[in-house]
Amino acid sequence: MNLNKTTDPSVINFKELYSLQGKVIIISGACGLIGRAFCESVLQFGGHVVVADIEQAYPEKFAAELEKKHHIPCMGMSVNVSDKQSVIELKNKTLEKFGKIDGLVCAHQNKSHLKFEPFELVCEENWDTVIEVNLKGTFLLCQIIGSYMAEKRSGSIVTMPSTYSNVAPNQNLYKGTSLGCPAAYSASKGGIDALSRYLASYWADKNVRVNMITPHGVWNHHEEQFEKNFAQFSPMQRMSYNYEVAPALIYLLSNASSYVTGLNLKVDGGWTVW
Ligand SMILES: NC(=O)c1ccc[n+]([C@@H]2O[C@H](COP(=O)([O-])OP(=O)(O)OC[C@H]3O[C@@H](n4cnc5c(N)ncnc54)[C@H](O)[C@@H]3O)[C@@H](O)[C@H]2O)c1
């Protein structure tokens with residue numbers, strides 16, 4: 001981005017700052033609840049999307065649907081973010097097709113955390129899987145794709161921690177439901193938060209910005225009791241929708257946030273203010 005050394009805001013096209021026209025954005029976990037909203041919004045702002053997700057999520061099919069709808073070239077690829085070779089292939093194939101990478105969005109997560117195990121009984125295997133996918137996956141994506149960006153001296157990375165990186169889950173939220181949030185999820189997300197801050201400072205002089213989006217309670221046909229509990233503890237008294245998270249991504253990927261790095265942009269309805 002060419003910066004304008006001026007004090008005159010009238011020479012700036014503010015709408016244009018939000019454009020993603022021609023930018024190539026890799027999104028991991030792109031077939032998920034929030035990932036799908038991210039893909040749609042990036043395409044609406046003119047960006048090319050690389051849909052990266054596990055084979056079982058059919059990323060190639062989703063990318064083909066997006067391309068057909070938006071008439072913008074996209075790419076779908078089966079990727080396991082916790083496997084180094086798989087992430088290297090993601091980088092190489094994206095460069096083969098588009099010749100550049102402008103943005104990386106780490107929106108994957110391991111689902112096994114939804115099976116609530118009391119902390120006293122957590123098995124090592126489940127702990128390892130959550131940490132491997134959530135934290136190591138984010139590390140590998142940042143290392144392999146972020147290093148490319150640092151070399152090119154341009155790029156925007158967005159990672160996804162959780163409110164549970166900052167505050168503990170209110171256990172009353174889960175009363176009367178089959179849901180829960182295990183410690184491994186909080187621990188992996190706390191690691192993502194720390195890693196993102198580290199990289200924001202590490203790559204600041206390489207023009208690679210690293211920011212975070214923290215959503216909270218995104219509605220996905222939850223049990224009625226859970227929705228009721230959630231409303232009781234949330235300042236805004238409701239859950240959020242995936243499309244309410246996506247505008248934050250446009251801001252962080254675009255030139256509108258050119259002086260923003262290390263930010264954790266919380267889209268949590270005020271959950272963490274009280
Ligand atoms: N939904 C929420 O309320 C909420 C709240 C806080 C944080 N988050 C975070 O936001 C991000 C997106 O959440 P979501 O609700 O869309 O999750 P989701 O479970 O709907 O989607 C996650 C996606 O990650 C993919 N994935 C799983 N393992 C993978 C692997 N090894 N390699 C590549 N992809 C893999 C899944 O196939 C899935 O498509 C996650 O990091 C999540 O932890 C979500």
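Order of appearance sets the numbers: ligands from 1, and atoms from 1 within every ligand. Along the sequence shown, residues carry numbers from 1. Reckoned from all heavy atoms, side chains included, excluding hydrogens, waters and symmetry mates.
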Begin from the C-alpha positions of K69 and E65 and carry the test salt bridge (Lys or Arg N to Asp or Glu O under 4.0 Å) through to its verdict. CA-CA 6 Å; K69 180 184 168 198; E65 287 165 10; over 6 Å; no

Taking only heavy atoms of [X], which atoms of ligand 1 are found under 4.0 Å from at least one of them?
{"X": "H108", "answer": "24 (O), 34 (N), 35 (C), 40 (C), 41 (O)"}
{"X": "C31", "answer": "39 (O)"}
{"X": "V79", "answer": "32 (N), 33 (C)"}
{"X": "V218", "answer": "1 (N), 2 (C), 3 (O)"}
{"X": "G217", "answer": "3 (O)"}
{"X": "G32", "answer": "16 (O), 20 (O), 21 (O), 39 (O)"}
{"X": "G29", "answer": "23 (C), 24 (O), 25 (C)"}
{"X": "P161", "answer": "7 (C)"}

I'd like to check the side chain to side chain donor-acceptor pair (under 3.5 Å) partners of T94; sequence neighbours left out, ordered by chain and number.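 Not a single residue meets the side chain to side chain donor-acceptor pair (under 3.5 Å) criterion with T94.
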
Got a list of side-chain donor-acceptor pairs under 3.5 Å for residues 192-204, not counting sequence neighbours?
{"residue": "D193", "atom": "OD1", "partner": "R197", "partner atom": "NE", "Å": "2.5"}
{"residue": "D193", "atom": "OD1", "partner": "R197", "partner atom": "NH2", "Å": "2.9"}
{"residue": "D193", "atom": "OD2", "partner": "R197", "partner atom": "NH2", "Å": "3.4"}
{"residue": "S196", "atom": "OG", "partner": "T159", "partner atom": "OG1", "Å": "2.7"}
{"residue": "S196", "atom": "OG", "partner": "I192", "partner atom": "O", "Å": "2.6"}

For ligand 1, is any non-hydrogen atom under 4.0 Å from [X]'s backbone (N, CA, C, O), its side chain (CB onward), both, or neither?
{"X": "A52", "value": "neither"}
{"X": "K189", "value": "side chain"}
{"X": "V133", "value": "side chain"}

